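Notes to accompany the following structure.
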Amino acid sequence: MPVRLKKLRRRLAETNLDGLLIGNRENCLYMSGFTGSEGWLLVTRDRAFLCVDFRYVGQAREEAGGWEVVEYRRPFTGTLSQLVVDTGLKTLGFEEEHISYQIYQRLVDKVQGVQWFPVSGLVETLRMRKDATEIESIKRASRLDDLAFEHIIKYLEPGRREKEVALELEFFARRRGGEGASFDIIVASGPRAALPHGVASKKLIQAGEFVIMDFGTIVNGYHSDFTRTVIVGEATAKQTEVYEVVLEAQRAAVAALAPGVTAGEIDALARRVINDRGFGAFFGHGLGHGVGLNIHEGPNLFPGADTVLLPGMLVTIEPGIYIPGWGGVRIEDLLLITETGSEVLHRSTRELIRIQ
Ligand code: ZN
Ligand code: ZN
């Protein structure tokens, strides 16, 4: 990962820090390739250490080419103090969003001779723009989502429990190489479809209900995220109307997604459609988010967001309308921002599917 290290060092120089301590699991993985569940990176202007305990030494050497692997004994602060002396660090950044107050206190108390500075988003900003390998993993995950959806619309029928549907989706993707579900699968039917995060329950799915299915697959540690809403049986006039409004909002945002536009501008396009049709009060979340090693990461699309979208960013577009006691609709696709516009990674139809 020499390119990533070079970019991070450039950012370190901009913040006038001699080094950065990274403990967040995904940031460690992104920077070094080390997949273990515990370890610390210490990045200085000219050296890069991966500190792990006894369990991970072999794995670290195998996975993290170019990093100096240091085995530490607890407490880690002893090893870190020695590295600070050896490298002559004077100022050191720590990830303020990822370090607990307890660990912060230990670092400040036990690691002497260095000044600690909170930093945020240094690695996360790099992670927003994906390289070809990352994009390939997420494309494979998205393809599994499409196949799982194709399968599930044949499997769905009145009388199925939401939990059964969720399990079927997960098994389907895992049998075909998915490492796991991106998150607890959402299957929300009937009035439960008004819950934007209605994790699958024991509820039986019935005729006349909307079913929101929001799921994703992990491939090589990378997540996908996908939602479709289907109707069991025939849709009423109001159900059809709500679905059409969400679809129109989604299309408006997808069509405008391109480099140079801000995340807030894209959010506004979808929100305007929903507001104009009188459902604005029922769309209470942001339009979308980035995905990658985490299911939710930057850039976030919400009202007023000023992040400028750039090629290589991957975002979801997922407007929804949720009417308490009645139900709801959400349509979500994952899109890659390209040099000239954007590419939709999910290929499933967005038209309303009727389950007979
Ligand atoms: Zn989702
Ligand atoms: Zn999402």
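This one's a predicted model, so the numbers in the text were calculated from it and none came from an experiment. When a ligand or atom number is given, it counts from 1 through the structure's own listing order.
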message: Could you check whether R174 makes a cation-pi contact with F172, meaning its NZ or CZ is under 6.0 Å from the centre of the six-membered ring and within 45° of the ring axis?
response: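 That pair does not qualify as a cation-pi contact.
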Partner set under ring pair (Phe, Tyr, Trp, His ring centres under 6.0 Å) for F210, not counting sequence neighbours: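 For F210, no residue satisfies ring pair (Phe, Tyr, Trp, His ring centres under 6.0 Å) once neighbours in sequence are set aside.
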So, for [X] and [Y], is the gap between ring centers shorter than 6.0 Å?
| X | Y | value |
| --- | --- | --- |
| F149 | H151 | no |
| Y56 | F34 | yes |
| F49 | W67 | no |

task: Determine the interplanar angle of the F94 and Y104 rings, folded into 0 to 90°, and report it as parallel if under 30°, tilted if 30 to 60°, perpendicular if over 60°.
output: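 Ring orientation, 0 to 90° scale: tilted.
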- request: Could you give me a count of protein N/O/S atoms that are under 2.8 Å from the Zn ion (ligand 2)?
  value: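 Every protein N, O or S atom under 2.8 Å from the Zn ion (ligand 2) counted, the figure is 4.
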